[in-house]
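Only one structure is covered here, and it is reproduced in the block below.
Remember, predicted model here, so these are calculated numbers, not experimental data. Convention: sequence-line order gives letters A, B, ...; per-chain numbering from 1. What you see below is based on every heavy atom in this structure, not just the backbone, and it leaves out hydrogens, waters and symmetry mates.
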Number of protein chains: 2
Amino acid sequence: MRRRNTPAKEAVLEVLKKAGKALNHETVQDNLSIDIDRATVYRVLNRFCDDGILHRVVAEDGKQYFAVCSKCDSEKHSDNHFHFRCTGCNTLECLPTPVQFTVPDGYLAESINCIINGRCKNCA
Amino acid sequence: MRRRNTPAKEAVLEVLKKAGKALNHETVQDNLSIDIDRATVYRVLNRFCDDGILHRVVAEDGKQYFAVCSKCDSEKHSDNHFHFRCTGCNTLECLPTPVQFTVPDGYLAESINCIINGRCKNCA
DNA sequence: TTTATTATTGCAACAAAATCGCATTAAAAG
DNA sequence: CTTTTAATGCGATTTTGTTGCAATAATAAA
Ligand SMILES: [Mn+2]
Ligand SMILES: [Mn+2]
Ligand SMILES: [Zn+2]
Ligand SMILES: [Zn+2]
């Protein structure tokens, strides 16, 4: 199933690259340079996640946030870092800080989802 | 607005106490000893959170999980610890491990939401 | 015990986030 | 240019959670 290059893909990725932070669907949609259907934007975002281009974080507001992967492999998402969600501007950024943790005996950790909520530099 | 004791409140709390872990709405509903309306269960859970009886965690599956507070004050929820969500039995537990973190200069941290996903001892 | 007050409930409607079915469109391979 | 099928648009649907409102019932007052 070879991927095709389309205006929708380019437009979505452009928005996320320009933002430099993770955005939720609504924010992506609002910043698109061309008109794309809602469902298509969702599908593009999901495909990018499958392909290791974006990674997805679910925040306390119940929404999915998408960010361009920097240290992620297309085989495996590296997301062992903290995320900071600003309640002011609805963005979410990957912090460099790695998350240190252990699990109880017999437990098996598969992935983590660590978010710090607050105000970013601009919104503080 | 003085709270009243009702069968619905008792039943919901009984389920959560017996579980000893955080459960989402659906799981609470499925384990009730009496028949209670969906909306009522949601309202009971929210009221318990307001009153500092339960605390709420939003997981990667986009659902809210509710757990009986142990170290929480009725004034302020103490939730600076990791949570473990088992993808096998759909439960979520508070781990004793506190979360260590720092935020970039100028950023203001207000709350955290840290979840480790994987398999619990029973489901590993 | 009886009555009054109003928190709580049930039910249906609603809202928001995300997904899905399906016919149509358009990348890109040949 | 033709063919193949990934990607799109559009509407319907699902899932999670909230809300309006009339009816019910817990609790305080009489
Ligand atoms: Mn990240
Ligand atoms: Mn907790
Ligand atoms: Zn901000
Ligand atoms: Zn389990």
Side-chain donor-acceptor pairs of residues 114-124 of chain A under 3.5 Å, sequence neighbours excluded:
unit_1: A:Asn117; atom_1: OD1; unit_2: A:Arg85; atom_2: NE; d: 3.0
unit_1: A:Asn117; atom_1: OD1; unit_2: A:Arg85; atom_2: NH2; d: 3.2
unit_1: A:Asn117; atom_1: ND2; unit_2: A:Glu60; atom_2: OE1; d: 2.4
unit_1: A:Asn117; atom_1: ND2; unit_2: B:Ser111; atom_2: OG; d: 3.2

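The minimum heavy-atom distance linking B:Leu16 with B:Leu45 is given by the pair CD1-CD2, 4.0 Å. In terms of heavy atoms, A:Phe82 sits closest to A:Pro98 at CE1-O, 4.0 Å.
With sequence neighbours excluded, the residues that form a side chain to side chain contact (heavy atoms under 4.5 Å, CB included) with B:Thr27 are B:Leu23, B:Asn24, B:Asn31. By the salt bridge (Lys or Arg N to Asp or Glu O under 4.0 Å) test, B:Glu14 is found to be paired with B:Lys18, residues two or more places apart in sequence or in another chain being considered. With sequence neighbours excluded, the residues that form a side-chain hydrogen bond (donor to acceptor under 3.5 Å, both in side chains) with A:Arg3 are A:Asp51. Contacts of B:Lys9 classified as salt bridge (Lys or Arg N to Asp or Glu O under 4.0 Å), with partners at least two apart in sequence or in another chain: none.
Every pair passing ring-ring contact (aromatic ring centres under 6.0 Å, His included) that includes a residue from residues 4-46 of chain A is listed here, sequence neighbours excluded: A:His25-A:Tyr42. For the ring-ring contact (aromatic ring centres under 6.0 Å, His included) condition, the pairs that include at least one residue of residues 105-124 of chain B, sequence neighbours left out, are A:Phe84-B:Tyr107. Within the structure, the salt bridge (charged side-chain N to carboxylate O under 4.0 Å, His left out) test picks out no pair touching residues 27-38 of chain A (sequence neighbours left out).
Between A:Thr40 and D:dA7, a side-chain N or O to OP1/OP2 separation shorter than 4.0 Å is absent.
Distance CZ (B:Phe48) to C1' (C:dT8): 12 Å, rounded to an integer number of Å. Taking atom CG of A:Leu45 as the reference point, atom C1' of D:dT8 lies 14 Å away to the nearest angstrom. Per the geometry, CD belonging to B:Gln29 stands 12 Å off P belonging to C:dC11, to the nearest Å. Straight-line distance from the CG atom of A:Asp35 to the C1' atom of D:dT8: 12 Å, rounded to whole Å. Going from atom CD1 of B:Ile36 over to atom P of D:dA25 covers 14 Å, rounded to whole Å. Going from atom CG of A:Asp51 over to atom P of D:dA6 covers 13 Å, rounded to whole Å.
Note on the helix from C:dT1-D:dA30 to C:dG30-D:dC1: terminal axis deviation equals 30°, with five pairs used at each end and the result rounded to 10°.
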- Query: What one-letter contact string describes nucleotides 11-18 of chain D from 5' to 3', where B marks a base within less than 4.0 Å of any protein heavy atom, S marks contact via sugar-phosphate atoms alone, and - marks no contact?
  - Reply: B----SBB
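Residues from residues 2-12 of chain B lying near DNA chain D, meaning a heavy-atom separation below 4.0 Å, are B:Arg4, B:Asn5 in numerical order.
In this structure, the side chain of A:Glu110 does not engage the main chain of B:Cys86 through any donor-acceptor pair within 3.5 Å.
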